[in-house]
Structures are given as structure tokens and as C-alpha cells.
Amino acid sequence: MSQEYRGALFRSFVWYAHRLGRMSLPEVAHRLREQARKAIDSRKRWEWESFGRFGGPLQVWPRLGAFMVSEISEVSEPTGSLKLLGQEWPPCDLADRSIWHLDPVTGKRWAGSETFAFSASYRHATNMGDVKFVWELNRLQSLQAAAAAGIFAILSAQLDSWMDANPPFRGINWASGIEAASRVMSLLAVLALADEEARAALDMRARAFLEAHAFWIARYPSLYSSANNHRVAELAALFLVGHALPGMRGAGRMARESRQGLEQEILRQYLADGVGAEQSPTYAAYSLEWFLLAAIVAEAIGADFSAAYRERMRLATEHLKYLMDDAGCVPQIGDDDEGRVLRFNLSANRYVASVVRRAGKWLGDDSQPASGVFVYPDGGYTIIRSPSGQGTLVTVFDHGPLGFLSIAAHGHADALSLWLSWGDEPILVDAGTYLYHAGAAWRDRFRGTSVHNTVTLDGADQSIIAGPFNWSHHARTRVVERSADSVTAEHDGYRSRYGVVHRRSVTREKEGVLVVEDHLLGKAKRTPLNWQVGFTLAPGVDVQIEGRKALITTPAGRKLTAEIETDAQWKVEKTGYSPGFNQLTETLRLEIRGTFSGDPLVGRVRLAMNPA
């Protein structure tokens with residue numbers, strides 16, 4: 001047994017042990033049944049010819065097509081080069097079947113038709129690269145871009161290439177339901193945009209492709225601790241296929257059950273105040289895009305979703321809108337893997353704003369965020385929007401949970417963090433995401449407390465990491481006091497290990513002036529207990545230290561003063577920063593450091609806009 005294999009086996013054992021620890025008894029029973037089903041399926045051999053053998057129409061909805069056309073402002077025409085998730089692929093032809101399993105970073109090839117889908121290990125294959133890259137290409141969103149550009153001649157060859165390289169349920173590209181759901185949407189988008197001739201040319205393959213994908217998604221649903229945005233994508237894909245292929249066996253039941261599931265999930269994925277339960281604006285927007293597309297089709301067939309569904313969409317859209325700065329950008333809170341449902345331009349950015357605009361258009365709401373203090377008690381955010389001659393100062397204070405469900409897969413240990421932007425420029429930022437499966441120590445670092453704008457004790461995280469998408473201990477937050485201009489909250493993430501609770505107050509002293517006050521409450525279990533209060537600055541932001549004042553200047557010349565009002569001095573350090581998936585650079589971080597001696601007040605900082 002090689003050392004590499006032993007290492008992978010050990011990592012696999014640790015991962016399963018941690019994941020099992022977060023499962024309920026019903027989930028354990030479900031996972032055992034699922035494993036038995038996988039064992040049976042691994043001995044079967046499906047072919048594309050097993051699917052698509054039914055009559056009836058292949059429905060395309062003019063209203064969905066018209067909606068897509070209205071959203072296409074810029075497209076990526078097919079070229080010999082391809083860049084996804086910040087990574088260049090080698091010169092490639094998507095009609096060449098060899099491209100679909102290639103890792104563009106390592107040059108290695110992931111498991112293909114020779115391997116059953118769930119035997120294709122990706123969580124612990126650290127020598128292969130990050131599976132996100134191969135999956136991103138296999139979402140087939142390049143077909144969406146080609147269809148949006150009106151280039152239909154290449155679609156048949158590319159679809160044939162993918163289907164030839166990926167027979168049903170074999171290889172890495174069938175190992176995840178959300179990836180299958182993404183391909184369903186890509187093909188439906190192509191059909192909605194294509195003319196009659198192009199649709200006719202794709203008809204037989206499209207039927208087999210969609211039925212096989214729907215069968216597999218329904219056979220291995222993301223349930224229990226996995227029922228986050230993956231479940232939304234799966235249900236929406238099943239809903240769309242059920243209505244697109246009315247002649248398919250079980251189509252009616254699939255459409256009904258997935259509709260019911262979507263009605264239930266929208267109330268779980270967004271809390272009563274509209275905040276995304278995953279504690280990530282980009283994941284909230286991603287799920288919202290799926291809910292929106294399902295709603296457009298339901299409206300087109302005269303079977304609208306409920307008023308509760310529509311109202312939760314409205315609340316989710318409003319919350320995301322209030323997070324935005326004047327340029328339509330939101331803070332990087334939690335994970336962001338740059339996932340998109342519709343992607344006509346492969347390099348398009350400002351994703352959240354685009355989804356909010358589309359949802360607002362469908363809801364008939366084009367209102368703009370107001371100024372003031374806005375509290376989201378269920379999701380755990382306070383947003384302060386202050387007008388100025390140089391744009392809106394937007395402050396976001398996080399007093400919400402770590403994330404969604406027992407594993408909080410996409411949450412970061414950022415309780416009581418602050419994010420701040422002014423006009424169209426971020427100032428206090430999150431460090432980002434960087435990588436998922438291949439991130440190793442970077443994955444933990446970017447989720448950890450020490451790179452977030454909060455208090456860290458002894459360099460430890462508030463919540464305890466137990467794998468790339470799991471936590472063994474969740475810091476719990478609660479609001480202690482709230483007034484018209486102030487909110488005080490605390491979390492218990494350090495109490496069991498260190499004996500103290502972190503409490504933070506954020507007060508709007510006047511328009512454009514905030515006071516941030518940090519306390520450690522309780523009796524330390526050991527001394528010395530070192531603490532630090534840190535603020536990560538956006539790249540390009542300059543800082544000059546004058547005594548206890550930090551003079552912050554943005555690239556556009558906006559000026560902000562951060563003044564310490566306790567007995568401490570600023571330190572400026574460099575820290576890692578990820579502006580996007582697979583991107584890594586450095587930026588500056590302001591820190592106050594000290595040793596807890598029993599005095600509960602550890603830091604008070606006044607943040608003030610300096611008028612031009």
C-alpha cells in the first residue's frame with residue numbers, strides 16, 4: 001500500500017467520521033439505504049439508448065425564451081481558448097471527447113466511462129486537483145453561450161462529444177446531482193433559444209439526455225444535511241424536465257412532487273426575513289435564480305406557485321438588494337464558488353445584482369434601497385446605509401448563525417464581523433474563498449476567524465472546522481440589545497475552550513460615523529489569553545498610521561478614519577486575499593492586539609467618513 005494511498009484512506013476515514021457525527025438517526029438510515037442502492041447500481045450498465053424512448057412533445061416555453069433573450073446583453077462566442085473559475089484551459093475543441101475529464105491545472109484526467117459514478121473519489125484525491133474545474137466545464141454552459149450568440153451549427157457535435165465521453169452514470173461527471181441539474185438547465189436554455197431547425201436536430205438526443213439526468217437526480221437526491229442549494233437545483237431541474245417531456249414515463253408525478261418540494265424549500269432556504277439560510281449572498285442568489293426560472297415556467301403553463309413562494313422570493317430579493325453598494329456589488333460573506341444557472345457570458349461578473357434585477361423585474365419591483373438602519377433578526381444581519389456626497393456608506397454587521405443545517409457547509413467562522421463599502425468601493429472586506437477540494441490549508445484559513453473582521457482569541461476559530469464543508473462545533477450568536485441606532489450581540493464560540501464570550505456593539509453615532517466596541521465577558525480558563533481585533537482592507541486601499549488613528553484612503557480618493565479609543569495601537573500586516581475562485585493575492589489588515597486581564601473592554605474603534 002503506497003504512502004499516498006494510505007494518506008487518502010486516512011483522510012477519507014476522518015471525513016466520514018466527522019460527517020457521521022453531524023447526522024441524525026433518520027439521515028444515517030437514509031445513507032445506509034443509499035449505499036445499498038449504489039452497490040446495486042454499480043453492477044448495472046446503462047446506455048443512452050435506454051432513455052428517450054417515448055412520444056409526445058419536447059416542450060419549449062416562448063416566455064422563458066423571451067426572458068432569456070431580454071437578459072442577453074453580451075455573450076462569449078466560442079473560441080479556441082476557454083477560461084472558467086479563473087483558470088485557462090489548454091487550446092481545446094469541445095467536440096473532442098477527451099476534454100471532458102481533463103483537469104486544466106494538473107493535466108491529469110479524472111475517472112471516466114470505465115468507473116461507476118460514485119466510485120470516482122474526488123473529496124480526498126488531493127493529487128488530482130480541484131474537481132470544481134472539471135465540473136464547471138461539464139455544466140455545459142458553453143452551449144448556452146453559443147446558443148445566445150446564435151451559433152447553433154456546433155451544438156450537435158458538442159452534445160454528441162459529451163454524451164459519448166460520459167455514458168449514463170459512469171465517471172466523475174455523474175457523481176453530483178447539482179452538476180446534473182446544471183446540465184439540464186444548459187440544454188433547456190439551448191432549446192429555448194434555438195430555432196425550429198436546430199431543435200429538430202437535437203430532439204432525439206435531448207430526450208435521452210434529459211430523461212437520464214432526471215432519473216439519476218431523482219434516484220440520488222440531496223437530503224438531510226446535504227439539502228442546501230444542491231437540493232434547490234435538483235428540484236428545479238426535475239420540475240422543468242417534468243413539464244418539458246410530458247410523454248416521459250412518470251413526468252406528471254415528477255412535476256407535481258418537485259413543485260411541492262420547491263414550495264417547501266423556498267421557505268427553508270430563505271428565512272422569514274429573506275436572508276439566505278446558507279449565510280452566503282452568492283449562494284442565496286444562485287438558489288434564487290433556480291426559484292425564478294421555475295416560477296417563469298409555472299406562470300407560462302398557467303400554474304403559478306403560491307403567494308407564499310412569491311413573497312419569500314420578494315423578501316430574498318430585497319435583502320440582497322440592501323446588501324449592495326452603489327455599483328451593485330455585495331460583500332463576500334461565506335463561500336462563493338461563482339456558480340451560475342444561466343451563463344451566456346462566461347466571464348460575466350456582478351452576479352448577485354443580475355439575479356436581483358431579473359427577480360425584481362419578474363416581481364414588478366424596481367425600487368431602490370433606502371437609507372437608515374435595517375435589521376434582519378432571523379438571518380442575523382444589521383445593515384446601515386448612510387448617504388454622502390461620495391455615495392452610500394454601507395455597513396453590514398453579522399450576528400447570525402454559522403450556516404445552514406448541521407454541517408453549515410458554506411459558512412465561515414465570521415460571527416460579529418463587519419463589512420463596509422462606500423459608493424462603488426469596498427473598504428472592509430472578507431478574505432474570500434480561493435479553492436474548495438484542493439485548497440488544503442488555504443481552505444481552512446479562508447473560512448477561519450483570523451482573516452475576518454472580528455475578534456480572535458489565541459489565533460483559534462470561533463467554530464471548529466471538521467473538514468472542507470463541515471464543522472464539529474458551531475458558535476451560537478444572540479442579540480443582547482437593540483435600539484434605533486445601535487445593536488449589541490454576542491457569540492459563545494470561545495466559551496467552552498477559553499471561558500469567555502465575545503460581545504460586540506455597533507452604534508451609529510451620527511450619519512457617517514460608527515463606533516465599534518468589543519468586550520470579552522467571563523473568567524478566562526487560562527492565562528495569558530491573547531486577543532486581536534482585525535479589519536481586512538480591500539486591495540488598493542491605502543492606510544497611514546498616526547498614533548491611534550488609521551487614515552484609510554480608497555483608490556478613488558474616499559477617506560475614512562479608524563480611531564482607537566482604548567489603550568492600544570494599530571498594527572498593519574499583510575494577509576492572503578482571494579478576489580475570486582482560484583485567485584490568490586495579498587492585501588493589508590489592520591489589527592489591535594492585547595492580552596485579556598479581566599477588564600471586559602478590549603477595544604473601541606470609531607469609524608468616520610471624512611467628507612471630500
Side-chain angles (χ1 to χ4, degrees), residues 15 18-19 21-24 27 123 178 222-233 265-288 316 319-320 323 330-339 352 376-381 396-417 419 430-437 439 443-454 460-479 489-494 502 578 581:
W15 183 89
H18 284 149
R19 187 62 184 270
R22 306 303 300 178
M23 291 182 186
S24 64
E27 179 171 6
R123 290 189 179 94
I178 194 173
S222 297
L223 300 178
Y224 297 100
S225 60
S226 299
N228 52 12
N229 63 88
H230 289 232
R231 187 62 182 146
V232 176
E265 282 302 315
I266 199 167
L267 301 180
R268 296 177 67 247
Q269 303 290 333
Y270 303 101
L271 304 174
D273 54 12
V275 174
E278 294 199 77
Q279 300 291 311
S280 160
T282 52
Y283 274 102
Y286 177 77
S287 291
L288 183 60
H319 175 251
L320 291 172
L323 286 172
V330 299
Q332 292 187 121
I333 301 175
D335 277 346
D336 178 9
D337 70 347
E338 301 184 16
V352 175
Y376 296 85
D378 301 293
Y381 290 94
V396 180
F397 178 36
D398 177 5
H399 42 81
L402 173 65
F404 187 40
L405 303 174
S406 62
I407 61 173
H410 296 298
H412 287 190
D414 55 9
L416 308 190
S417 281
W419 297 265
D430 190 286
T433 299
Y434 186 41
L435 287 170
Y436 276 176
H437 301 282
R443 174 66 175 151
D444 291 350
R445 177 167 174 76
F446 279 111
R447 292 191 297 159
T449 303
S450 65
V451 297
H452 290 89
N453 302 328
T454 186
D461 298 327
Q462 308 154 339
S463 298
I464 300 175
I465 293 171
F469 300 94
N470 195 8
W471 304 80
S472 63
H473 171 75
H474 295 205
R476 295 174 298 179
T477 60
R478 72 181 188 98
V479 171
E490 65 184 26
H491 76 80
D492 67 356
Y494 292 125
H502 173 210
S578 176
F581 199 86

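Note that the coordinates shown come from a computational prediction; the quantities given were computed from them, not determined experimentally.
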| Test item: side-chain donor near acceptor, Q279 and Y381, under 3.5 Å |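 Looking only at side-chain atoms, Y381 and Q279 do form a donor-acceptor pair, the distance falling under 3.5 Å.
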| query | Near R476 CZ, under 6.0 Å, is it more than 12 heavy atoms from other residues, nucleotides or ligands? | reply |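 Atom CZ in R476 is not crowded, with 12 or fewer foreign heavy atoms closer than 6.0 Å.
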Looking at [X] and [Y], what are the two nearest heavy atoms and their distance?
X	Y	result
V352	A285	CG2-CB, 3.9 Å
D414	G334	OD2-N, 4.3 Å
A233	I178	CB-CG1, 3.7 Å
Y270	G276	CD2-CA, 3.8 Å
R445	S450	NH1-OG, 4.0 Å
A277	L271	CB-CD2, 4.3 Å

Parallel, tilted or perpendicular: which one describes the rings of [X] and [Y], with boundaries at 30° and 60°?
X	Y	value
H452	H412	perpendicular
Y434	F446	tilted
H437	F469	tilted
H491	H502	perpendicular

Hey, what do you get for [atom1] ([X]) to [atom2] ([Y]), rounding to the nearest 0.5 Å?
X	Y	atom1	atom2	result
L405	S226	CG	OG	8.5 Å
D461	T449	CG	OG1	4.5 Å
Q332	S578	CD	OG	6.5 Å
H399	S417	NE2	OG	12.0 Å
L402	H410	CG	NE2	12.0 Å
S287	E265	OG	CD	9.0 Å

Test item: [X] and [Y] side chains (from C-beta on) under 4.5 Å apart, heavy atoms:
X	Y	answer
D430	P331	no
T433	R443	yes
T477	E490	no
T454	Q462	yes
Y283	Q269	no
L320	L288	yes

| said: Using a 3.5 Å distance criterion without hydrogens, assess whether the side chain of S280 forms a donor-acceptor pair with backbone atoms of D335. | reply: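 Yes: the side chain of S280 pairs with the backbone of D335.
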| task | Begin with the C-alpha distance, continue with both residues' side-chain angles, and end with the deciding distance and a verdict on side chain to side chain contact (heavy atoms under 4.5 Å, CB included) for L435 and F581. | result | CA-CA 6 Å; L435 287 170; F581 199 86; 3.9 Å; yes
| remark: When V330, L323, D398 are each screened for side-chain contact (heavy atoms from CB on, under 4.5 Å) with W419, the one that passes is D398
| query | Can you list the steps and then say if E338 with D336 is a side chain to side chain contact (heavy atoms under 4.5 Å, CB included)? | reply | CA-CA 6 Å; E338 301 184 16; D336 178 9; 4.1 Å; yes
